[in-house]
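Worksheet for the structure shown next.
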Amino acid sequence: MMRKEKDTGTLFICATPIGNLQDVSFRLIETLKSVDLIISEDTRTTKKLLSRYDIKNAKIESYHDNTTEKKVEEIIRNLEGGLDIAIVSESGMPLISDPGFKLARSCIEAGINLTVIPGPNAALSALVLSGLPVDNFLFIGFLPKTSVKIKRKLEELKTLPYTMIFYESPNRIEELLRVLKEVFGERDICLARELTKIYEECIRGRTSEVLRVIKERTQKGAKLKGEIVLVVSGFEVKKAEEFNEDTIKNELSALIKRGLTKKEAFKAIMARYEISRRDLYNISIKLNRF
Ligand code: SAM
């Protein structure tokens, strides 16, 4: 049940630059100047930002999502007592693969005023540069660490028709591209690197083309550095009408040869084409395989 907001202080969720310190708004500066306390994932980065904009005497404390319950309760009490608090992360929008979710939820539950100072975010910046469809997209953020779990997650995402956005470190990007190719097959992708910084670049192409570029660079000793967002096109649903019966027959027969059961083969075809189970069944009996 929604609780009514009370006359409390406000938690300002503040986006900060993802590389270029000029990417700040007047409102951000005003907010950081006026709040009673800034809580930050990385106080060193925050101090640099404050110093760049000549914000003096700000009170800064460290905040992580594994910050103790006691600390969260203390922040809530301060907000309830009327203090205004800004939360910032190391870069970009707090909560987005960064601390803040737990606190924002606690504020909502306690009826504390909450607002956002919008600004930079790596995912959206990469998406709009990617050249991939922006009408429907899915933010995935960081994938799990082990390859088994990565594959399992990618299998889950494989047939979703939305552009997908992943965060990844330069050390693991080559491996991710390899697994992506294995699970998703070829897709249109964009590797966006060092956004808003001097060496900003976007490597666009099919998965194997981008993988080749990365491998070539590694071989030349120019290992990929910096921060990376990978944008991947969604699964393309092809209309069954575009395909004649023979195509569907060939695909079915190939899946059966690969050892899939009839049920699994149907599921795979139906995920790929807009075809009814009845039509698929009728085609399959002509195959004489089942
Ligand atoms: N909260 C941030 C946001 O709003 O984008 C994301 C923080 S997350 C801990 C850090 C990841 O974001 C990096 O590993 C990278 O994937 C991505 N990232 C952050 N800054 C970036 C930049 N300048 N260029 C490309 N990717 C960036």
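Just so it is clear, the model here is predicted, and its values are computed rather than measured. Counting convention: from 1, in listed order, for ligands and their atoms alike.
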Would you mind listing each N/O atom of ligand 1 next to any protein N/O under 3.5 Å, plus the distance?
{"residue": "ligand 1", "atom": "1 (N)", "partner": "Ser91", "partner atom": "O", "Å": "3.1"}
{"residue": "ligand 1", "atom": "1 (N)", "partner": "Met93", "partner atom": "O", "Å": "3.0"}
{"residue": "ligand 1", "atom": "1 (N)", "partner": "Ile96", "partner atom": "O", "Å": "2.9"}
{"residue": "ligand 1", "atom": "1 (N)", "partner": "Asp98", "partner atom": "OD2", "Å": "2.8"}
{"residue": "ligand 1", "atom": "4 (O)", "partner": "Met93", "partner atom": "N", "Å": "2.8"}
{"residue": "ligand 1", "atom": "4 (O)", "partner": "Asn121", "partner atom": "ND2", "Å": "2.8"}
{"residue": "ligand 1", "atom": "5 (O)", "partner": "Asn121", "partner atom": "ND2", "Å": "3.2"}
{"residue": "ligand 1", "atom": "5 (O)", "partner": "Ala122", "partner atom": "N", "Å": "2.8"}
{"residue": "ligand 1", "atom": "5 (O)", "partner": "Tyr167", "partner atom": "OH", "Å": "2.7"}
{"residue": "ligand 1", "atom": "16 (O)", "partner": "Ile228", "partner atom": "O", "Å": "2.5"}
{"residue": "ligand 1", "atom": "20 (N)", "partner": "Glu227", "partner atom": "OE1", "Å": "3.3"}
{"residue": "ligand 1", "atom": "23 (N)", "partner": "Ile18", "partner atom": "O", "Å": "2.9"}
{"residue": "ligand 1", "atom": "23 (N)", "partner": "Leu195", "partner atom": "N", "Å": "3.4"}
{"residue": "ligand 1", "atom": "23 (N)", "partner": "Leu195", "partner atom": "O", "Å": "2.9"}
{"residue": "ligand 1", "atom": "24 (N)", "partner": "Leu195", "partner atom": "N", "Å": "2.9"}

Legend entry - Partners passing side chain to side chain donor-acceptor pair (under 3.5 Å) against Ser25 (at least two apart in sequence or in another chain): none
Inset, instruction - Would you mind listing the cluster partners of Ile198? Hydrophobic ones only (ILVMFWY), side-chain contacts under 4.5 Å, chaining allowed. - result: Tyr199
Legend entry - Neighbour count above 12 (heavy atom, 6.0 Å) for Lys197 NZ: yes
Legend entry - side-chain contact (heavy atoms from CB on, under 4.5 Å) partner of Val88, chosen from Asp98, Thr45, Ile38, Leu50: Ile38
Legend entry - Within the 6.0 Å centroid threshold, strictly below: Tyr167 and Phe142: yes
Legend entry - With sequence neighbours excluded, residues passing side chain to side chain donor-acceptor pair (under 3.5 Å) with Lys59: none
